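To start, the structure itself, in structure tokens.
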Amino acid sequence: MRLRALAAAAACVLALVAAPTLGADTLRSLGQAAGLHIGASVHADALQTDPAYARLLAREFDLVTPENAMKFSVVQPERGRFDFTQADALVDFAEAHGMQINGHVLVWHQQLPPWLEHGDFSREELKDILRTHIQTLVARYRGRVASWDVAAEAVDDDGHLRETFWSRGIGPDYLALAFRWAHEADPQAHLRYNDYGGEGDGAKSDGIYELMAELRRKGTPIHGVGLQIHASLKDAPRASEVRINMKRLAALGLQTHITEMDVMLSLPASRADLRAQAALYRDMLQACLAVPQCRSFSTWGATDRYSWIPEFFPGQGDALLFGEDGRAKPAYDSVRRILRSGKTGYIR
Ligand code: XIL
């Protein structure tokens with residue numbers, strides 16, 4: 001009897017000692033304790049070809065956004081021909097690892113297929129194309145994709161509605177229509193608007209706020225706002241402004257999210273820059289933790305190896321929490337530290 005009790009006690013101790021290696025200290029587990037989903041955008045090819053990358057994603061994150069796999073040109077390369085190969089692989093991967101999926105992106109003026117961009121469509125035809133596109137995607141993943149970036153980057157730097165393929169072709173109400181169509185296809189999905197450069201104070205941030213207020217006033221089924229936060233050390237929003245901005249958006253009845261954070265550094269990055277980058281990640285995460293309605297914190301990519309930054313901003317890179325080799329960077333440690341102390345006292 002005594003022996004069995006001893007064995008049981010030993011097993012308990014072992015379990016306690018072993019717990020950290022079971023992932024108690026990963027971003028996703030710390031995020032769970034702090035009431036926050038921790039996400040990354042996923043590179044479709046790397047998911048297939050790089051097992052270490054896939055393991056890192058599953059270990060550290062509990063929320064994924066397809067980097068390109070659900071964009072218009074990938075999903076509908078020809079009119080009426082839908083290709084879900086990459087999107088299905090991502091959804092299967094996420095489900096196998098208990099990760100939430102954020103669909104990205106239903107109506108955006110970039111990465112449109114040539115048949116659409118160079119087609120000559122009437123307003124009614126464009127409405128029909130957009131409705132079919134949105135509803136085909138959302139219905140396919142109904143109950144599996146928890147949230148959608150329904151619309152993105154619809155506001156320009158001055159805070160006005162951006163003139164785009166969609167606003168020209170359908171008119172400004174394309175936004176409300178997109179949300180309504182998405183909601184019809186999956187009434188449970190969390191629908192959000194996603195934009196960059198309007199995180200802190202300023203004309204763009206005011207424009208986004210006004211647009212959100214208007215959509216809410218009209219009863220549009222919109223539930224959240226994503227702040228992208230593509231930053232550099234010279235050009236980053238102030239944490240206090242981000243917090244205040246999130247609070248005013250939350251007062252409209254919206255959840256808020258940090259959706260695409262990265263902090264590009266001049267290459268090769270110095271130690272001092274890596275430390276400054278860590279501080280910036282810390283500050284943005286703290287702003288999110290200070291607002292009960294801020295429900296997720298995502299980076300645009302997971303490791304520097306597959307980050308979009310070097311291609312789009314030559315000479316820049318090193319923007320994420322994990323290096324080219326998948327090793328954690330100072331920014332990873334600072335995010336973990338903040339999550340560990342992230343007991344906020346309220347339920348998210
Ligand atoms: C980027 C991808 O990372 C690139 O691979 C692609 O070539 C262009 O788009 N804001 C967004 C994302 O919402 O969809 C963009 O992703 C980056 C900026």
Side-chain angles (χ1 to χ4, degrees), residues 39-50 53 57 61 63-77 83 85-87 89-90 101-114 116-117 133-134 137 145 147-157 162 164-166 175 178-179 182 190-199 204-205 208 211 222 224-232 235-237 256-265 284 296-314 316-322 324:
S41 71
V42 174
H43 192 282
D45 291 342
L47 191 60
Q48 304 306 323
T49 57
D50 185 344
Y53 167 80
L57 279 175
F61 300 96
L63 168 66
V64 285
T65 297
E67 184 168 350
N68 291 300
M70 289 186 183
K71 287 177 179 170
F72 210 126
S73 57
V74 176
V75 164
Q76 202 183 161
D83 183 347
T85 318
Q86 291 185 2
L90 179 123
I101 302 148
N102 172 57
H104 174 92
V105 47
L106 297 174
V107 63
W108 189 35
H109 57 283
Q110 293 198 38
Q111 291 180 272
L112 297 173
L116 179 58
E117 236 175 345
H133 181 78
I134 289 178
L137 255 151
V145 167
S147 65
W148 283 96
D149 292 335
V150 174
E153 304 180 2
V155 174
D156 68 18
D157 290 349
R162 190 193 289 275
T164 68
F165 176 81
W166 296 111
L175 287 166
F179 280 95
H190 174 84
L191 305 181
R192 56 196 212 184
Y193 174 78
N194 188 41
D195 212 334
Y196 68 89
E199 292 93 6
K204 181 155 184 180
S205 158
I208 294 170
L211 177 64
I222 176 170
V225 185
L227 309 180
Q228 294 183 9
I229 318 201
H230 293 290
S232 68
D235 186 16
T256 64
H257 306 267
I258 291 177
T259 51
E260 304 189 10
M261 186 157 175
D262 48 21
V263 182
M264 65 176 89
L265 303 179
M284 294 302 121
S296 68
F297 180 90
S298 294
T299 54
W300 200 245
T303 73
D304 289 327
R305 176 140 186 221
Y306 304 110
S307 160
W308 73 307
I309 294 292
E311 189 191 333
F312 282 77
F313 302 90
Q316 303 287 305
D318 225 330
L320 293 162
L321 305 179
F322 298 92
E324 298 258 346

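Everything quoted here is computed from the prediction, not taken from an experiment. We count ligands from 1, going down the list as the structure has it; atoms in each ligand are counted the same way.
- With a 4.5 Å cut-off on side-chain heavy atoms, Tyr306 and Asp50 count as touching.
- Formation of a donor-acceptor pair under 3.5 Å by the Trp300 side chain with backbone atoms of Ala40 is not found in this model.
- Within 4.0 Å of ligand 1, contacts by protein heavy atoms are made from Glu67, Asn68, Lys71, His104, Trp108, Gln111, Glu153, Gln228, His230, Glu260, Trp300, Trp308, Phe312.
- By the salt bridge (Lys or Arg N to Asp or Glu O under 4.0 Å) test, Lys71 is found to be paired with no residue, residues two or more places apart in sequence or in another chain being considered.
- Using a 4.0 Å cut-off between charged side-chain N and carboxylate O, Asp195 and Lys204 make a salt bridge.
- Not a single side chain to side chain donor-acceptor pair (under 3.5 Å) links Gln86 to another residue, sequence neighbours left out.
- Applying the side chain to side chain donor-acceptor pair (under 3.5 Å) test to His43 and every residue at least two apart in sequence or in another chain returns nothing.
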